[in-house]
**Q** 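I have a structure I would like to understand better, so I am pasting it below and will then ask my questions one at a time.
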Amino acid sequence: MTITIRPIQTGDKPKWTTLWRDYLTFYETTLPDTIYKTTFSRLCSPDHPDQNGFLALSGGNPVGLVHYIYHPHNWRIEKACYLQDLFVAPEARGMGVGRKLIEAVYAQADRDGCPSVYWLTQEFNAEARKLYDRIGTLTPFIKYTR
């Protein structure tokens, strides 16, 4: 299977929506349609240069996505890159798609002068964590939310 990684484009909305909905279902989350519309619009808009995404394509069909966000960081001069969402369709798992998507974010962050890339995952996400342990460094931080 040949995988191509490219930025999300405006014509991708229907297939992107399916992938992102499947991703959110994995995390037992649902969001209102206005969030889908707004998020997709931001991912494709030059007015939101810090909010970005890539699709992984196999035979022209999207089989994975990644979203990443640049933001200021108080401990460094350059921005940090938060890899917020990563999803590979079940039929494309185990073929290196997740790694290629993460590496595409790493490469783009490097080109944009943003050497720090980080992400979060659920503790129960054992399969994905096998990849993350090979391509990143596990930190001792614990996340809290309001």
**Q** Identify, with sequence neighbours excluded, every residue that meets salt bridge (Lys or Arg N to Asp or Glu O under 4.0 Å) alongside R93.
**A** none
**Q** Locate the shortest heavy-atom distance separating S58 from V63; write the atom from each residue and the value.
**A** CB-CG1, 4.0 Å
**Q** I'd like to check K37 versus D33 (side-chain heavy atoms, cut-off strictly below 4.5 Å). Are they in contact?
**A** no
**Q** Which residues satisfy the side-chain contact (heavy atoms from CB on, under 4.5 Å) test with D50, sequence neighbours excluded?
**A** Y70, K79
**Q** Could I get the full list of salt bridge (Lys or Arg N to Asp or Glu O under 4.0 Å) partners for D85, not counting sequence neighbours?
**A** none
**Q** Please list all pairs meeting ring-ring contact (aromatic ring centres under 6.0 Å, His included) that have one or both residues in residues 125-146, counting only residues at least two apart or in different chains.
**A** W119-Y132
**Q** T10: what forms a side-chain contact (heavy atoms from CB on, under 4.5 Å) with it, not counting sequence neighbours?
**A** C44
**Q** Quick one: CG on N61 to CD on E91, what's the gap to the nearest 0.5 Å?
**A** 9.5 Å
**Q** Minimum heavy-atom separation for C114 and A80, please, with both atom names.
**A** SG-C, 3.4 Å
**Q** Output all residues satisfying side-chain contact (heavy atoms from CB on, under 4.5 Å) with I5, sequence neighbours left out; order by chain, then residue number.
**A** I3, F54, A56, K100, L101, A104
**Q** Rounded at 0.5 Å granularity, tell me how far NE2 in H67 sits from CD in Q84.
**A** 8.5 Å
**Q** Once side-chain hydrogen bond (donor to acceptor under 3.5 Å, both in side chains) is applied, do any residues pair with N52, and if so which ones, sequence neighbours excluded?
**A** none
**Q** Could you tell me which residues satisfy side-chain hydrogen bond (donor to acceptor under 3.5 Å, both in side chains) with E103, sequence neighbours excluded, listed by chain and number?
**A** R99
**Q** Who else is in the cluster with L55 when I, L, V, M, F, W and Y are joined by side-chain contacts under 4.5 Å?
**A** I8, W16, L19, W20, Y23, L24, F26, Y27, L31, I35, Y36, F40, L43, L65, F87, F124
**Q** Should we say atom CD of E28 is surrounded by more than 12 heavy atoms from elsewhere, each under 6.0 Å from it?
**A** no
**Q** Measuring from atom CD of Q108 to atom CG of D110, what distance do you get when rounded to the nearest 0.5 angstrom?
**A** 9.5 Å
**Q** With clusters defined by side-chain heavy atoms of hydrophobic residues (ILVMFWY) lying less than 4.5 Å apart, directly or transitively, does I135 cluster with L83?
**A** yes
**Q** I'd like to check the side-chain hydrogen bond (donor to acceptor under 3.5 Å, both in side chains) partners of Q122; sequence neighbours left out, ordered by chain and number.
**A** none
**Q** Closest approach of V105 and C81, non-hydrogen atoms and distance?
**A** CG1-SG, 3.8 Å
**Q** Just how far is it from atom NZ of K13 to atom OG1 of T18, taken to the nearest 0.5 Å?
**A** 12.0 Å
**Q** Given the rule that I, L, V, M, F, W and Y join up when any side-chain heavy atoms are under 4.5 Å apart, are V97 and V117 in one cluster?
**A** yes
**Q** For E127, enumerate each residue passing the side-chain contact (heavy atoms from CB on, under 4.5 Å) test, keeping only those at least two apart in sequence or located in another chain.
**A** K130
**Q** At what distance, to the nearest 0.5 angstrom, does CG of D12 lie from NZ of K15?
**A** 9.5 Å
**Q** If you define the side chain from C-beta out and look only at heavy atoms, does anything of L120 sit under 4.5 Å from Y82?
**A** yes
**Q** For H48, check ring-ring contact (aromatic ring centres under 6.0 Å, His included) against everything at least two apart and list the hits.
**A** none
**Q** Please examine the side chains of I102 and V66, heavy atoms only from C-beta on, and report whether any two atoms are closer than 4.5 Å.
**A** no
**Q** Can you give me the closest heavy-atom contact between E78 and H73, atom names plus distance?
**A** O-CB, 4.3 Å
